[in-house]
Amino acid sequence: ADIEGTLRGFGDSRIHYLRRERRDTDLKTASNALNFGISYCLGRKQDFQAVAFLHSDDFLTQDSLEVRLKNLENGFVYTDMASFNNNGRIIKRRMSFNHHTIMWNTEFLQYIRDFVSRRYKQPGVFDSQLSHGEDIDMHLSSIEAAKEGGYEITYVPLVSVLYRQHQESISGRRVSSEYVERQVKRVLQKHGIKE
């Protein structure tokens with residue numbers, strides 16, 4: 001699919017297309033690309049009120065951005081999320097796994113990036129050393145940074161993102177349960193959460 005051509009076809013100067021080539025040393029994770037996009041946005045803070053992310057295999061609901069922007073205070077907002085399969089059938093109406101719905105105020109996004117650098121010695125909001133659980137890790141870091149800096153955390157009980165569950169996704173690929181357990185344990189230990 002020609003994503004760049006499709007986006008340019010909208011003719012909207014507010015749409016910025018960025019591409020980061022995967023490096024041989026990168027883990028199979030979206031973290032590096034997400035951090036690349038965040039750095040771009042923070043370098044042009046005057047152009048952005050807020051930042052959210054969307055994986056290429058997921059969808060936004062029609063009012064997703066509007067609802068989140070309307071409820072965004074000085075920190076971050078998150079909502080509910082539903083999942084669907086390759087046939088477009090909704091599998092779960094509301095998921096507790098809703099890290100993909102986060103939208104950050106740009107001032108807070110700068111704060112959280114500085115926070116994870118200082119506390120966890122990681123170069124970006126997403127931990128590129130995790131191949132599973134990096135979105136959960138980012139959500140926990142967002143909460144910790146908001147509490148430390150006195151920023152608002154807002155929850156809106158509305159589905160704003162449709163998450164596709166399929167075997168071709170990074171999280172859908174078969175890996176050993178021991179590997180996933182080690183990744184989850186690493187995230188929990190990192191944030192001081194007892195199992």
Side-chain angles (χ1 to χ4, degrees), residues 1-72 76-92 95 97-106 108-110 112-113 123-135 137-139 142 156 158-174:
D2 179 17
I3 296 170
E4 182 177 7
T6 301
L7 292 175
R8 294 199 190 286
F10 285 113
D12 189 331
S13 63
R14 297 174 299 174
I15 297 173
H16 300 251
Y17 175 78
L18 306 174
R19 181 174 176 84
R20 180 191 179 274
E21 295 297 328
R22 186 181 299 276
R23 298 181 184 132
D24 292 340
T25 56
D26 289 350
L27 288 177
K28 199 82 165 162
T29 175
S31 295
N32 292 304
L34 291 165
N35 286 332
F36 180 70
I38 287 170
S39 292
Y40 175 82
C41 293
L42 289 177
R44 301 176 58 132
K45 274 193 278 196
Q46 70 281 3
D47 297 336
F48 299 97
Q49 176 184 353
V51 175
F53 68 96
L54 178 70
H55 290 296
S56 61
D57 54 354
D58 298 337
F59 292 102
L60 298 178
T61 60
Q62 189 170 0
D63 58 352
S64 174
L65 298 176
E66 180 183 345
V67 165
R68 288 185 284 170
L69 274 172
K70 185 173 99 178
N71 289 282
L72 181 62
F76 73 93
V77 63
Y78 69 103
T79 69
D80 288 326
M81 185 167 89
S83 67
F84 68 100
N85 62 19
N86 279 339
N87 298 327
R89 188 171 67 83
I90 299 292
I91 301 168
K92 284 188 176 177
M95 301 170 62
F97 172 81
N98 54 12
H99 318 295
H100 293 231
T101 70
I102 283 184
M103 177 182 277
W104 301 280
N105 166 289
T106 51
F108 174 68
L109 186 55
Q110 180 68 59
I112 186 179
R113 191 172 75 168
V125 174
F126 288 86
D127 187 344
S128 60
Q129 298 306 304
L130 292 168
S131 62
H132 285 71
E134 69 277 6
D135 43 10
D137 174 70
M138 168 277 300
H139 199 151
S142 294
V156 179
L158 181 75
V159 171
S160 72
V161 174
L162 301 175
Y163 175 79
R164 183 178 303 184
Q165 292 187 338
H166 58 99
Q167 290 301 317
E168 293 81 37
S169 72
I170 291 171
S171 57
R173 291 197 181 112
R174 295 199 178 181

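What's counted below: heavy atoms across the whole structure, side chains too, no hydrogens, waters or symmetry copies.
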To check you understand the geometry: which heavy-atom pair defines the closest contact between [X] and [Y], and what is its length?
X	Y	value
E134	F126	O-CD2, 4.0 Å
S128	S31	CA-CB, 3.7 Å
G37	L18	CA-CD1, 4.0 Å

Do the non-hydrogen side-chain atoms of [X] and [Y] ever get within less than 4.5 Å of each other?
X	Y	answer
F53	W104	yes
T61	L158	no
R19	E4	no
V77	V156	yes
F59	R164	yes
I112	L109	yes

Any sub-3.5 Å donor-acceptor pair from [X]'s side-chain atoms to [Y]'s backbone N or O?
X	Y	answer
S160	S64	no
R68	T101	yes
D137	G133	no

Nearest 0.5 Å, please: how far is [atom2] in [Y] from [atom1] in [X]?
X	Y	atom1	atom2	value
Y163	D135	OH	CG	7.0 Å
L34	M138	CG	CE	8.0 Å
L162	L54	CG	CG	9.5 Å
S56	I3	OG	CD1	6.0 Å
F36	E21	CZ	CD	10.0 Å
Q49	L69	CD	CG	5.0 Å

Kindly assign one of parallel, tilted or perpendicular to the pair Y78 and H139, based on the angle between their ring planes and the thresholds 30° and 60°. perpendicular
Test salt bridge (charged side-chain N to carboxylate O under 4.0 Å, His left out) applied to D47 - qualifying residues, sequence neighbours left out: R44
Among N98, V67, T79, D80, find the residue that satisfies the side-chain contact (heavy atoms from CB on, under 4.5 Å) test when tested with V159. D80
From the list N105, T106, L42, side-chain contact (heavy atoms from CB on, under 4.5 Å) with V51 holds only for T106
Test ring pair (Phe, Tyr, Trp, His ring centres under 6.0 Å) applied to Y40 - qualifying residues, sequence neighbours left out: H16
Quick check: are there more than 12 heavy atoms from other residues, nucleotides or ligands sitting under 6.0 Å from CZ of F10? no
We want to know whether R113 and S39 form a side-chain donor-acceptor pair, criterion being a heavy-atom distance below 3.5 angstrom. yes
